[in-house]
Amino acid sequence: MEIPKTYDPKQAEERHYARWEAQGCFAPEANRDPHAPVYSIVIPPPNVTGSLHMGHALQHTLMDVLTRYKRMSGYRTLWLVGTDHAGISTQIVVERELKKEKLTRHDLGRERFVERVWEWKAESGGRITEQMRREGASVDWSRERFTMDEGLSRAVREFFVTCYEEGLIYRGERLINWCPKDQTALSDLEVDKETQAGKLYFLQYPLKGSDRRITVATTRPETMLGDTAVAVNPEDERYRELVGATIELPLTGREIPLIADSYVDPAFGTGAVKITPAHDANDYEMGERHNLPQVVVIDSHARMTEAAGADFAGLDRYEARERVVQRFEELGLLEKVVDYEFAISRCDRCRTVVEPLISMQWWCKQGELARRGLELIKERHEPHFHPEVPWEKVYTDWLENLHDWTLSRQLWWGHRIPAWYTADGRVFVARSEQEARAAAGTDELTQDPDVLDTWFSSALWPISTLGWPDQTRDLETFYPTDVLVTARDIIFLWVSRMVMTGTKFTGRLPFRDVVITGTVLDKNGQKMSKMKGNVIDPMDVFEKYGVDATRVTLAASSAGTDFPWRDERVESYRNFANKIWNAARFCLLNSEGAQVSRGFEGARDTWALHDRWIVSRLNKTILTVERALASYQFHEAVFALYHFFWDDFCDWYIELSKTEVTAAEESESRAAARSRVLSVLEQALRLLHPFMPFITEELWQRLPGVGADSLHEAYASAEPTIMLAAYPRGEQALIDDAAEAEMQSVIELISRVRSIRSEMNIKPSEEVELIIGTSGDGSARVFDASMAQIKRLARAGSVSFTSSMADVPRHAARAVLAGGVEVALPLEGLIDFEQERARVEREREKLRKEAERLEAQLGNPQFTERAPAEKVAELRQRVADIAQRMKALEQTLEALA
RNA sequence: GCCCGCUUAGCUCAGUGGUAGAGCACACGCUUCACACGCGUGGGGUCGUAGGUUCAAGUCCUACAGCGGGCACCA
């Protein structure tokens, strides 16, 4: 059999995914057991415009690990996939395309533009799904959904209309976040607050009928053109007698009142605040309280309006700022300008500074929708966040402090708001235009031009993808889902809103668990961003190191906290993949006459020590993996598998088995040993499959004796594939602590001999003689049974036992093992007595210190009284062991004297 | 301002009250018939600081320091 020495990921990756998909392995229907338990996950739908980033790769890896694990465990498993229409992002992308043709969306008109977006989606939307195939994501493509599919759009209308009828959705004029570039309203969650170095301007306003002036401080002087009051704190002594006075607002000729409001902080600035109800959220509220007029001086393009006065109309907001400041200076009304750091809001799509504007929009009341979710998290900790700290609290705090949600967007791409208006301005909200016409009693209706926030349809994703509002079989079977795996930045935008819709429309939470992953940072711990140019494309990493290595790296790094991406790390897992490849290569090159299925036939007491040991280690590993995955501790599962495979299986088991496995003569025992090694390998491949789907399939397919019989019974009729093989179950009965202890003593013996060899600079090719001194406690029997292995791995030509170390030649290096077993290597001519004594004395000193510490602890009556009896016994045992070893070391020193 | 997280080997990080761990890096040796993307052997730690709880603290509590994050209407 020709097997290359180095694993080439690409050829495996290209072959297997297409086959799995074609054979329907990903769909829950692959499972033929009518009583199978159900496991389901819905993917957070990536933007259809996008390409995968490291965060996706991380989340998808975790979801795929869970999905493959549950599928192999016999669950009827659905990982539902789809993409999001991503309103603003997609519209921007297509507008950018149009710009290349020197066109704007307005040139095309709404209908043609929307067609154009659909065309674009048809051409480019497949990129992200192709990338998901590359990742090995075992999603069910037969149920792929898009948030603008007819079914999902129907769900959106149902949601909207129901809430409208219940008074949860309403239309109203309020101050909103407006993006002057994208020309749309944004919700509070779609703007990023940023601190910025700027200036604080102190402007003086003259009082009417007096030469007094009142000074106000502002970061946005241009808004003074829209001031309709100045406010002070009613308790503020400095201004008390001025309340009610009239101010002559400079540059406008307008007269505005000086009012009192307890919102004003007397300690900040001058204690007097200019009030611009049309352009500031706080001022808006104060304006409502005091019935102040709203003077709109900035328009939707962030330019000054006619109302700003002839000198300013048409100016950009920043030009206007300069000119206002200049005028104040000319008038002698600019008191001072100081450096000041303040927060500005940017559109999270285009980074433009948003403008607060008063605008008519659709809103969704959040309080009532959130109530059930709040009860569940507070009373039952549902959904259960992983890690629970800090996300449960973050989520709870947000639900407790909700503002109404701005639903409408002034875009063309998205779900059109299902509201129609008559010529005289009456509004009809309905599931269809026909319904609206019937209700209005006229066909002369105009539909609201706005579309809904992208997150509105996302909020329905777990139910709409399964068929809601119809009570479909899928909805019945797969809802609620088991777990949601996502990033922290959409806990509010998405997670909380799915909870609202899920509890409202089904009475149940859409998922039991929520796994919040950390963020993948660059190698310096910086957030990746296109602007910084430090983005690592997962496709490049796949290309360089292979998909499996990348997946394991991500799973191993995901302890819930952010982590820097380091090539060294993925390199080490690339090496791991190669290790797996070569271990399998060894097994296959020595597989003649062997079969996986014949691995551990026969009574256990006929197995060799290392066989009982590896089976015990294997089962402990399986139990660890089970426990780790049940609590989403992916890194723990990876570490357990990595160390089992590399340390236990490769470094020890294969080496311990080599004498038999590589025997030149064909024999029953050689075939049996080969079968056992193959069988452990095969179990390990199954265990690794959810993390490393490609290499495990590639190798599994080549193993002798795997086939239809290897499949989980739920998939009995399928084509053989490791992804439908049964995931190993950990069996307590196969854990053999005695075998592990015995094996440990053999390993210690070999390691100590190797250590001496290394210290004594004995060439690896040179064989040594070993004399083992045992005190007749049965350890001689253990070593004797593993004689061939000890000889091979310690490179010993001969091994003999003695009951008295006094017989050992003086020219020997010695060591004392746990349990007082002694080992000596006669090394005529190589021993420097002085040096050897120093070595032994160092060891004795180490033991003496440890014994001292332990004895002090045992000498403390509070310890022996209060600590658990087993702890005390364990300590006594250790002290006894040390005493025995010390005694042996003393004798060794005497022999060297 | 409020809330939260982190601080463990040179680096990046695991760590469940009871003998401090991994990967990488480093040092020495190795064409040992699966693998140099490897094998063997080593060195390297007062677990941020100061208190407290406990028989016992890297682990639990309090304060402080440094770093990072989230929320917030201070002009």
Side-chain angles (χ1 to χ4, degrees), chain A residues 3 5-7 193 200-201 216-220 223 230-231 263-265 267-276 280-286 340 342-343 387 389-391 393-394 397-398 401 488-489 491-492 519 523 525 527 545 549 553 556-557 559-569 571-590 633 635-636 638-639 642-643 650-651 654-655 658 662 750-751 754-759 761-765 792-793 795 850 853-854 857-858 860-868 870-872 874-875 878:
Chain A
I3 307 171
K5 281 190 175 190
T6 307
Y7 169 57
K193 294 268 171 68
L200 187 61
Y201 302 86
V216 296
T218 180
T219 55
R220 300 195 61 192
T223 62
V230 168
Y263 155 79
V264 179
D265 175 4
F268 187 88
T270 62
V273 191
K274 60 187 276 309
I275 303 299
T276 323
D280 180 277
N282 301 314
D283 294 6
Y284 177 83
E285 281 171 25
M286 203 182 300
Y340 186 67
F342 62 103
V389 177
W391 307 122
K393 184 171 162 49
V394 167
D397 287 351
W398 192 74
N401 297 292
R488 61 167 170 258
D489 51 340
I491 292 176
F492 307 148
T519 308
K523 65 171 189 283
K527 246 192 176 130
Y545 299 103
T553 307
S557 308
T561 50
D562 295 354
F563 59 94
W565 180 265
R566 297 167 65 83
D567 276 357
E568 296 94 321
R569 188 135 191 180
E571 228 171 82
S572 84
Y573 286 109
R574 187 270 318 265
N575 296 351
F576 180 48
N578 199 52
K579 189 74 182 174
I580 296 169
W581 180 260
N582 276 289
R585 183 166 177 265
F586 170 79
C587 296
L588 289 169
L589 290 172
N590 295 285
Q633 302 293 303
H635 63 289
E636 244 182 76
V638 170
F639 290 155
Y642 181 95
H643 291 293
C650 293
D651 286 350
I654 286 182
E655 296 300 332
K658 257 183 186 169
T662 60
I750 293 167
S751 299
R754 284 171 169 174
S755 174
I756 290 170
R757 294 182 57 115
S758 180
E759 272 182 65
N761 286 315
I762 297 168
K763 283 209 177 80
S765 51
R792 182 185 182 95
L793 300 185
R795 293 237 138 205
E850 198 185 341
R853 194 170 54 80
L854 294 176
Q857 203 175 343
L858 282 169
N860 180 353
Q862 302 213 304
F863 171 70
T864 45
E865 278 162 31
R866 298 195 195 183
E870 58 185 59
K871 278 290 159 212
V872 178
E874 190 188 309
L875 239 64
R878 275 165 58 199

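The figures that follow rest on heavy atoms only: side chains count, while hydrogens, waters and symmetry mates do not. Here the structure is a predicted model, which is why all the values come from computation and not from measurement. Protein chains get the first letters and strands the later ones, always in sequence-line order, with residue 1 at the start of each.
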- Message: Using a heavy-atom cut-off of 4.0 Å across all strands, would you classify A/Val394 as base, sugar-phosphate, or nothing?
- Response: nothing

- Are any of A/Asn575's side-chain N or O atoms less than 4.0 Å away from OP1 or OP2 of B/G38? yes

- Heavy-atom distance under 4.5 Å between the side chains of A/Asn282 and A/Tyr263, does that happen here? yes

- Query: Cut-off 3.5 Å, side chains only: do A/Arg488 and A/Thr519 have a donor facing an acceptor?
  - Reply: yes

- What's the OH-C1' distance between A/Tyr284 and B/C73, to the nearest Å? 15 Å

- Task: Could you measure between the two C1' atoms, the one in B/C35 and the one in B/C6, and give it in whole Å?
- Result: 39 Å

- Query: Is A/Glu285 touching bases, backbone alone, or none of the nucleic acid, heavy atoms closer than 4.0 Å?
  - Reply: nothing

- Taking atom P of B/A57 as reference, at what distance in whole Å does atom CD of A/Gln857 sit? 9 Å

- Using a cut-off of 4.0 Å on non-hydrogen atoms, how would the nucleic acid contact of A/Lys763 be classed: base, sugar-phosphate, or nothing? nothing

- Have a look at A/Val264 and say if it touches a base, only the backbone sugar-phosphate, or nothing, with a 4.0 Å heavy-atom cut-off. base

- Query: Tell me: CZ of A/Phe576 to P of B/C39, nearest whole Å?
  - Reply: 12 Å

- From B/C3, B/U41, B/G15, pick the nucleotide closest to the side chain of A/Ser755? B/U41

- Is A/Glu655 touching bases, backbone alone, or none of the nucleic acid, heavy atoms closer than 4.0 Å? base

- Counting side-chain heavy atoms from C-beta on, which of B/U16, B/G23, B/A34 comes nearest to A/Ser572? B/G23

- Base, sugar-phosphate alone, or nothing: which one does A/Arg754 contact when heavy atoms must sit under 4.0 Å apart? sugar-phosphate

- Message: Would you call the rings of A/Tyr7 and A/Trp581 parallel, tilted or perpendicular, taking 30° and 60° as the class edges?
- Response: tilted

- Query: Considering only B/G18, B/A14, B/G23, which nucleotide approaches the side chain of A/Thr561 most closely?
  - Reply: B/A14

- Task: Select base, sugar-phosphate, or nothing to describe what A/Tyr7 touches, counting heavy atoms under 4.0 Å on all strands.
- Result: nothing

- Query: For the pair made of CG in A/Asn582 and P in B/G38, what is the distance, rounded to whole Å?
  - Reply: 10 Å

- Separation of A/Asn401 atom CG from B/A72 atom P, in whole Å? 9 Å

- Nucleotide of B/U19, B/C37, B/G40 approaching A/Asn578 most closely (side-chain heavy atoms): B/C37

- Side-chain contact test, heavy atoms from C-beta onward, threshold under 4.5 Å: evaluate it for A/Asn578 versus A/Thr6 and give yes or no. yes

- Message: Pairing check on B/G38: which nucleotide meets the Watson-Crick or G-U wobble criteria with it, both distances under 3.5 Å?
- Response: B/C30

- With sugar-phosphate meaning primed atoms plus P, OP1 and OP2, does A/Cys587 contact a base, only sugar-phosphate, or nothing at under 4.0 Å between heavy atoms? nothing

- Whole-angstrom distance between B/U59 and B/G48, as gauged at atom P: 8 Å

- Could you please spell out the steps behind the side chain to side chain contact (heavy atoms under 4.5 Å, CB included) verdict for A/Phe586 and A/Lys658? CA-CA 10 Å; A/Phe586 170 79; A/Lys658 257 183 186 169; 3.7 Å; yes

- Sugar-phosphate, base or nothing in reach of A/Asn860, heavy atoms under 4.0 Å: sugar-phosphate

- Task: Could you tell me whether A/Asn761 contacts a base, only the sugar-phosphate backbone, or nothing, with contacts defined as non-hydrogen atoms closer than 4.0 Å?
- Result: nothing

- Query: In terms of side-chain heavy atoms of A/Arg853, which of B/C3, B/G18, B/U19 is nearest?
  - Reply: B/U19

- Task: Would you indicate which nucleotide in B/U12, B/C74, B/C37 comes nearest to any side-chain atom of A/Arg566?
- Result: B/U12

- Message: Suppose you measure atom C1' in B/U46 against the same atom in B/G70; what distance do you get, rounded to whole Å?
- Response: 35 Å

- Not counting sequence neighbours, which residues clear salt bridge (charged side-chain N to carboxylate O under 4.0 Å, His left out) with A/Arg878? List them please. A/Glu850

- Query: Who is the Watson-Crick or G-U wobble partner of B/G58, with both distances under 3.5 Å?
  - Reply: none

- Task: Among the candidates B/C74, B/G15, B/A34, find the nucleotide nearest to the side-chain atoms of A/Lys579.
- Result: B/A34

- Message: Over all strands shown, is A/Ala217 touching base, sugar-phosphate only, or nothing at heavy-atom distances under 4.0 angstrom?
- Response: base

- Task: Using ring-ring contact (aromatic ring centres under 6.0 Å, His included) as the criterion, list what pairs up with A/Tyr573, not counting sequence neighbours.
- Result: A/Tyr642

- Item | Of A/Trp398 and A/Pro564, the one whose closest RNA chain B nucleotide lies more 5' | A/Pro564

- Message: Could you identify the nucleotide paired to B/U49, looking across every strand shown and requiring Watson-Crick or G-U wobble geometry with both distances under 3.5 Å?
- Response: B/A63

- Query: Expressed as a whole number of Å, how far does the C1' atom of B/A65 sit from that of B/C24?
  - Reply: 30 Å

- Note on the structure: Which of B/A75, B/C4, B/G23 is nearest the side chain of A/Pro390? It is B/C4

- Note on the structure: Applying the 3.5 Å cut-off to both distances, the Watson-Crick or G-U partner of B/U16 turns out to be none

- Looking only at N and O atoms, is any donor in the side chain of A/Lys658 or the base of B/A34 less than 3.5 Å from an acceptor on the other one? yes

- Message: What's the closest nucleotide to the side chain of A/Arg569 if the choices are B/A22, B/C13, B/A34?
- Response: B/C13

- Message: Tell me whether the side-chain N/O atoms of A/Lys527 come closer than 4.0 Å to OP1 or OP2 in B/G68.
- Response: no

- Task: Would you mind reporting whether A/Phe492 and A/Val394 have side-chain heavy atoms less than 4.5 Å apart?
- Result: yes

- Side chain proximity check, A/Asp280 to A/Thr223, heavy atoms < 4.5 angstrom: no

- Starting at atom CD1 of A/Ile275, determine the distance to atom P of B/C74, rounded to an integer number of angstrom. 14 Å

- With heavy atoms under 4.0 Å as the rule, sort A/Glu874 into base, sugar-phosphate or nothing. nothing

- Can you measure from NZ (A/Lys523) to CD (A/Glu568) and round to the nearest 0.5 angstrom? 9.0 Å

- Query: Base, sugar-phosphate, or nothing: which does A/Pro861 touch, judged by heavy atoms less than 4.0 Å apart?
  - Reply: nothing

- Message: With rounding to the closest Å, how many angstrom separate the P atoms on B/G69 and B/C13?
- Response: 14 Å

- Message: For B/C2, give the paired nucleotide (Watson-Crick: N1-N3 plus N6-O4 or O6-N4; G-U: N1-O2 and O6-N3; both under 3.5 Å), or none.
- Response: B/G70

- Looking at the side chain of A/Arg795, which of B/G18, B/U32, B/A34 is the nearest nucleotide? B/U32

- Scanning all shown strands, the Watson-Crick or wobble mate of B/C24 with both distances under 3.5 Å is B/G10

- Query: What integer distance in Å separates A/Lys393:NZ from B/C3:P?
  - Reply: 8 Å

- Query: Using a cut-off of 4.0 Å on non-hydrogen atoms, how would the nucleic acid contact of A/Tyr201 be classed: base, sugar-phosphate, or nothing?
  - Reply: nothing

- Item | C1' gap between B/C37 and B/G23, integer Å | 14 Å

- Euclidean distance for P, B/U8 against B/A14 (whole angstrom): 11 Å

- Query: If the C1' atom of B/A27 is compared with that of B/G17, how far apart are they to the nearest Å?
  - Reply: 37 Å

- To the nearest angstrom, the CZ-P distance between A/Arg574 and B/G23 comes to 16 Å

